[in-house]
Amino acid sequence: MSILVSSWSKEAQAVPANYVFPPEIRPGDLAAPVCKGIPVIDLGQIGGHARAELLEKIIKASQDFGMFQVINHGVSEELMDDTMSLFKEFFDMPVEDKAAYYSEDKSKSFRLYTSGQNYLKDKVNYWKDSMKHSCHPLEDHIQSWPEKPARYREVVGTYSAEVRKLSLRILDLICEGMGIEMGYFADELSKSQSLVINHYPPCPNPSLVLGVGGHCDPNLVTILQQDVYGLQIFKGEQWVGVESLPHAFVINIANQLEMTSNGKLKSAKHRAVTNSSIARTSIVTFISPSRECVIEPAKALVSVCSPPLFKAVQYKEFSDTYMAKTHDPNSTAVESYKFQA
Ligand SMILES: O=C(O)CCC(=O)C(=O)O
Ligand SMILES: [Fe+2]
């Protein structure tokens with residue numbers, strides 16, 4: 001347990017050597033510009049003329065940035081605040097309480113873990129602790145969730161169901177915007193839902209460390225809640241910050257949306273940096289296909305003029321390739337399934 005960053009970092013005067021990233025990867029100058037271009041989309045405006053405009057904004061943001069933020073999204077501010085407070089309370093619990101949930105067994109559907117296993121060959125650790133569990137269907141998983149803090153299952157159960165509704169709504173807007181039949185993503189492609197709560201304690205020298213390194217998410221779509229700045233995307237050959245907006249969700253286009261959209265939408269390469277004054281918690285919902293689901297470009301987007309760009313692949317095979325490629329700076333899992341030009 002002493003390896004949880006949150007259990008020793010308060011006393012740390014300097015960054016331990018096994019958390020210091022090589023100069024070419026570390027964030028260095030933290031004054032990365034905040035990217036004002038990432039659209040903030042108002043989901044309350046979806047009637048009449050506004051609808052066509054909204055669909056266009058969603059598709060354009062998903063092509064240009066692989067990311068957008070949503071407001072007036074239907075998940076109540078109280079529920080978002082309550083959930084964030086609860087996770088902060090979780091990470092503030094005494095080490096002995098958290099010990100019961102800690103595991104290094106990656107196959108567990110619920111576990112608290114730290115950055116020991118990261119994606120760099122030279123074994124530099126990320127400055128974070130995380131908790132992960134499955135959320136859907138709720139009745140199959142809720143019994144494995146923590147019992148502390150006392151309201152955990154009630155609050156997180158409601159949050160998971162509400163965020164699921166929102167994600168399916170956004171996926172249908174993406175269908176409508178791209179001209180795919182509604183509900184295309186609603187079944188096997190979005191069958192699985194998991195929650196990862198990342199906790200990044202304050203760091204004595206944030207310019208040397210990473211909360212999480214640059215990556216695209218392997219799933220279908222990711223819905224992220226943050227209340228402290230730290231998320232960045234790689235855009236125009238540089239890292240730029242994603243503004244932290246109270247009560248907005250960040251929507252992240254992930255690998256399976258890129259492949260099913262036949263490359264029309266792009267997955268966003270992103271990372272998280274830390275800061276020296278305040279702990280940051282991000283609540284990340286991953287909507288993913290079932291392991292058996294076959295991923296291929298949607299038929300509605302494929303024609304003689306627009307041939308399929310990606311080979312069909314079962315999601316479990318894709319996931320294995322993704323894990324194997326995390327060490328490879330020269331190619332990504334998505335590229336492995338591209339037809340050669
Ligand atoms: O904490 C963040 O802002 C990013 C987390 C993330 O990218 C992930 O968990 O996949
Ligand atoms: Fe991510």
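Hydrogens, waters and symmetry mates play no part in the numbers below; they use all other heavy atoms, side chains included. Everything numeric in this text was worked out from a predicted model, so none of it was measured.
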Trainee: Between Val228 and Leu231, is there a shared hydrophobic cluster once you connect ILVMFWY residues whose side-chain heavy atoms come closer than 4.5 Å?
Mentor: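 No; tracing contacts between hydrophobic side chains, which count when under 4.5 Å, never links both residues.
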Trainee: Do the ring centers of Phe87 and Tyr159 come within less than 6.0 Å of each other?
Mentor: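 No, they do not, as the ring centres are separated by 6.0 Å or more.
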Trainee: For Pro218, does its backbone N or O pair with a side-chain atom of Gln256 as donor and acceptor, under 3.5 Å?
Mentor: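 A pair under 3.5 Å: yes.
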Trainee: Let me see the working for Tyr126 and Phe21 under ring-ring contact (aromatic ring centres under 6.0 Å, His included), right down to the final yes or no.
Mentor: CA-CA 9 Å; Tyr126 292 139; Phe21 275 81; 5.7 Å; yes
Trainee: For Tyr184 and Ile174: C-alpha separation, side-chain torsions, deciding distance, then whether side chain to side chain contact (heavy atoms under 4.5 Å, CB included) applies.
Mentor: CA-CA 10 Å; Tyr184 181 80; Ile174 288 177; over 6 Å; no
Trainee: Got a donor-acceptor contact below 3.5 angstrom from the Asp217 side chain to the Thr222 backbone?
Mentor: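 It does not hold such a pair.
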Trainee: Quick check: are there more than 12 heavy atoms from other residues, nucleotides or ligands sitting under 6.0 Å from CD of Glu147?
Mentor: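 Open.
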Trainee: Any chance you could measure Lys311, atom NZ, to Phe339, atom CZ, to the nearest 0.5 Å?
Mentor: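 The NZ atom of Lys311 sits 6.5 Å away from the CZ atom of Phe339.
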Trainee: With a 3.5 Å distance limit and no angle check, can you tell me whether Asn219 reaches the backbone of Phe286 through a side-chain donor-acceptor pair?
Mentor: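 Not a single qualifying donor-acceptor pair exists.
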Trainee: Taking it one step at a time, do Asn198 and Val212 satisfy side chain to side chain contact (heavy atoms under 4.5 Å, CB included)?
Mentor: CA-CA 9 Å; Asn198 298 303; Val212 65; over 6 Å; no
Trainee: Could you work out, with ring-ring contact (aromatic ring centres under 6.0 Å, His included) as the rule, every residue matching Phe249, not counting sequence neighbours?
Mentor: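 ring-ring contact (aromatic ring centres under 6.0 Å, His included) list for Phe249, sorted by chain: His73.
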Trainee: Could you check whether any side-chain heavy atom of Met178 comes within less than 4.5 Å of a side-chain heavy atom of Ser261, counting everything from C-beta outward?
Mentor: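 In short, these two side chains touch, coming nearer than 4.5 Å.
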Trainee: Distance check, rounded to the nearest 0.5 Å: Leu309 atom CG versus Lys264 atom NZ?
Mentor: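 These two atoms lie 12.5 Å from each other.
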Trainee: With side chain to side chain donor-acceptor pair (under 3.5 Å) as the test, pick out the partner of Arg51 among Gln45, Glu56, Glu176.
Mentor: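 Among the candidates, only Glu176 passes.
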Trainee: Considering non-hydrogen atoms only, spot the tightest contact between Ile38 and Met67 and give its length.
Mentor: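 Scanning both residues completely, I find the closest heavy atoms to be CG2-O, 3.8 Å.
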Trainee: NZ of Lys128 to OH of Tyr19: how many Å apart, nearest 0.5 Å?
Mentor: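 It comes to 11.5 Å.
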Trainee: Taking the six-membered ring for Trp, are His133 and Phe110 parallel (under 30°), tilted (30 to 60°) or perpendicular (over 60°)?
Mentor: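 Plane angle between 30° and 60°, so tilted.
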Trainee: Quick one: does Ile197's side chain get under 4.5 Å of Ser130's, heavy atoms only?
Mentor: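 Sidechains of Ser130 and Ile197: no contact.
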Trainee: Using only atom types and a distance under 3.5 Å, with no angle test, would you say the side chain of Glu188 pairs donor to acceptor with the backbone of Ser290?
Mentor: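 Side chain of Glu188 to backbone of Ser290, a donor-acceptor pair under 3.5 Å: no, none is there.
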Trainee: Rounded to the nearest 0.5 Å, how far apart are CD1 of Ile287 and OG of Ser192?
Mentor: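 Interatomic distance, Ile287 CD1 to Ser192 OG, rounded to 0.5 Å: 8.0 Å.
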Trainee: Compare all side-chain heavy atoms of Leu265 with those of Gln63 and state whether any distance is below 4.5 angstrom.
Mentor: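 With C-beta onward as the side chain, the pair touches.
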Trainee: Below 4.0 angstrom, N of the basic side chain to O of the carboxylate: do Lys165 and Glu162 qualify?
Mentor: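 Glu162 and Lys165: salt-bridged.
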Trainee: Please round to the nearest 0.5 Å and tell me the distance separating atom CG of Leu220 and atom CZ of Phe185.
Mentor: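 If we round to the nearest 0.5 Å, Leu220:CG and Phe185:CZ are 6.0 Å apart.
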Trainee: Is a side-chain donor or acceptor of Asp172 paired with a backbone partner of Gly183 at a separation under 3.5 angstrom?
Mentor: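 Checking the backbone N and O of Gly183 against the side chain of Asp172, a donor-acceptor pair under 3.5 Å is found.
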Trainee: At their closest point, which heavy atom of His199 faces which heavy atom of Ser6, and how far apart are they?
Mentor: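 So the two residues come closest at CD2-CB, 4.0 Å.
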Trainee: To the closest 0.5 Å, what do you measure between CD1 (Ile223) and CZ (Arg164)?
Mentor: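 Here the interatomic distance stands at 9.5 Å.
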Trainee: Say whether, by atom type as modelled, one donor and one acceptor occur between the side chain of Ser306 and the main chain of Val302 under 3.5 angstrom.
Mentor: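 Not confirmed, Ser306 side chain does not pair with Val302 backbone.
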Trainee: At their closest point, which heavy atom of Leu112 faces which heavy atom of Lys98, and how far apart are they?
Mentor: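 Looking at all heavy atoms of both residues, the closest pair is CD2-O, 3.6 Å.
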Trainee: Does the cation-pi check pass for Lys269 over Phe234, that is, NZ or CZ under 6.0 Å from the six-membered ring centre and within 45° of its axis?
Mentor: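 Yes - Lys269 lies over the ring of Phe234, closer than 6.0 Å to its centre and within 45° of its axis.
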Trainee: Tell me the closest heavy-atom pair linking Val221 and Ala254, and the distance in Å.
Mentor: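 Heavy atoms only, the tightest pair is N-CB, 4.1 Å.
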Trainee: In this structure, would Ile278 and Leu208 fall into the same cluster of hydrophobic residues linked by side-chain contacts under 4.5 Å?
Mentor: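 No, separate clusters.
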Trainee: Quick one, Ile71 with Leu43, criterion side chain to side chain contact (heavy atoms under 4.5 Å, CB included). Give me CA distance, side-chain angles, the key distance, then yes/no.
Mentor: CA-CA 6 Å; Ile71 55 170; Leu43 291 185; over 6 Å; no
Trainee: Would you say Asn275 and Tyr200 make side-chain contact, with heavy atoms under 4.5 Å?
Mentor: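 No - every pair of side-chain heavy atoms lies 4.5 Å or more apart.
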Trainee: May I ask you to decide whether Lys148 forms a salt bridge with Glu89, counting only side-chain N to carboxylate O separations under 4.0 Å?
Mentor: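 Here Lys148 does not pair with Glu89 in a salt bridge, since their nearest N and O are not under 4.0 Å apart.
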Trainee: Is any NZ, NE, NH1 or NH2 atom of the basic residue among Lys266 and Asp64 found under 4.0 Å from an Asp or Glu carboxylate oxygen of the other?
Mentor: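 Not counted as a salt bridge, because no side-chain N and carboxylate O are separated by less than 4.0 Å.
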Trainee: Considering non-hydrogen atoms only, spot the tightest contact between Trp145 and Ser160 and give its length.
Mentor: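 Minimum heavy-atom separation between Trp145 and Ser160: CH2-OG, 3.9 Å.
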Trainee: Are Gln226 and Arg280 linked by a side-chain donor-acceptor pair shorter than 3.5 Å?
Mentor: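 Gln226 vs Arg280: donor-acceptor pair found between side chains.
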Trainee: Phe65 ring centre to Lys235 NZ or CZ under 6.0 Å, with the angle to the axis within 45°?
Mentor: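 The answer is yes, since Lys235 meets both limits relative to Phe65.
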Trainee: Do other residues, nucleotides or ligands put more than 12 heavy atoms under 6.0 Å from the NZ atom of Lys132?
Mentor: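 No, because the 6.0 Å sphere around NZ of Lys132 holds 12 heavy atoms or fewer from other groups.
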Trainee: Among Ile283, Thr285, Asn252, Val250, which residue satisfies the side chain to side chain contact (heavy atoms under 4.5 Å, CB included) criterion with Leu224?
Mentor: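 Of the listed residues Ile283, Thr285, Asn252, Val250, the side chain to side chain contact (heavy atoms under 4.5 Å, CB included) partner of Leu224 is Val250.
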Trainee: Just to verify, what does Asp187 make a side chain to side chain contact (heavy atoms under 4.5 Å, CB included) with, not counting sequence neighbours?
Mentor: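 If we apply the side chain to side chain contact (heavy atoms under 4.5 Å, CB included) test to Asp187, skipping adjacent residues, the hits are Lys191.
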Trainee: Do Lys88 and Asp227 sit within salt-bridge range, that is, some charged N less than 4.0 Å from a carboxylate O?
Mentor: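 A salt bridge links Lys88 with Asp227.
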Trainee: Before giving the answer on side chain to side chain contact (heavy atoms under 4.5 Å, CB included), spell out for Thr260 and Ile180 the whole-Å C-alpha distance, their side-chain angles and the decisive distance to 0.1 Å.
Mentor: CA-CA 10 Å; Thr260 49; Ile180 307 179; over 6 Å; no
Trainee: Could you tell me whether a side-chain N or O of Gln225 sits under 3.5 Å from a main-chain N or O of Met80, the two making a donor and an acceptor?
Mentor: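 Yes.
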Trainee: Would the distance check show the side chain of Lys108 and the main-chain N or O of Ser103 forming a donor-acceptor pair, the cut-off being under 3.5 Å?
Mentor: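 Judged by distance alone, no pair lies under 3.5 Å.
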Trainee: Does Ser62 reach the main-chain N or O of Gly66 with its side chain, forming a donor-acceptor pair under 3.5 Å?
Mentor: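 Checked: no pair found.
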Trainee: I'd like to know whether the aromatic ring centres of His215 and His270 sit less than 6.0 Å apart in this structure.
Mentor: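 Between His270 and His215, which both carry aromatic rings, the centre distance is below 6.0 Å.
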Trainee: Heavy atoms only: give me the nearest Pro297-Pro308 pair and the separation to one decimal.
Mentor: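 Scanning both residues completely, I find the closest heavy atoms to be CG-CB, 4.1 Å.
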Trainee: Just so I know, are the side chains of Val313 and Glu296 near enough to count as touching, which here means a heavy-atom distance under 4.5 Å?
Mentor: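 No - every pair of side-chain heavy atoms lies 4.5 Å or more apart.
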Trainee: In the structure I gave you, are the side-chain heavy atoms of Asp81 and His247 within less than 4.5 Å of one another anywhere?
Mentor: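 The answer is yes, as the side chains (C-beta and beyond) meet within the 4.5 Å cut-off.
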Trainee: Report yes if some heavy atom in the side chain of Ile251 is under 4.5 Å from a heavy atom in the side chain of Gln69; otherwise report no.
Mentor: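 Contact flag for Ile251/Gln69 side chains = no.
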Trainee: State, yes or no, whether a side-chain contact exists between Asn255 and Phe318 at a heavy-atom distance under 4.5 Å.
Mentor: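 Yes, their side chains come closer than 4.5 Å.
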Trainee: Under 3.5 Å, is there a donor-acceptor pair between the side chain of Arg153 and the main chain of Gln143?
Mentor: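 Yes: the side chain of Arg153 pairs with the backbone of Gln143.
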Trainee: Count the heavy atoms of every other residue, nucleotide or ligand shown that sit under 6.0 Å from CD of Glu24, and state whether that count exceeds 12.
Mentor: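 Yes, because the 6.0 Å sphere around CD of Glu24 holds more than 12 heavy atoms from other groups.
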Trainee: Checking side-chain polar atoms at under 3.5 Å, does Glu335 have a donor or acceptor matched by the opposite partner on Tyr337?
Mentor: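 Absent: no donor and acceptor within the cut-off.
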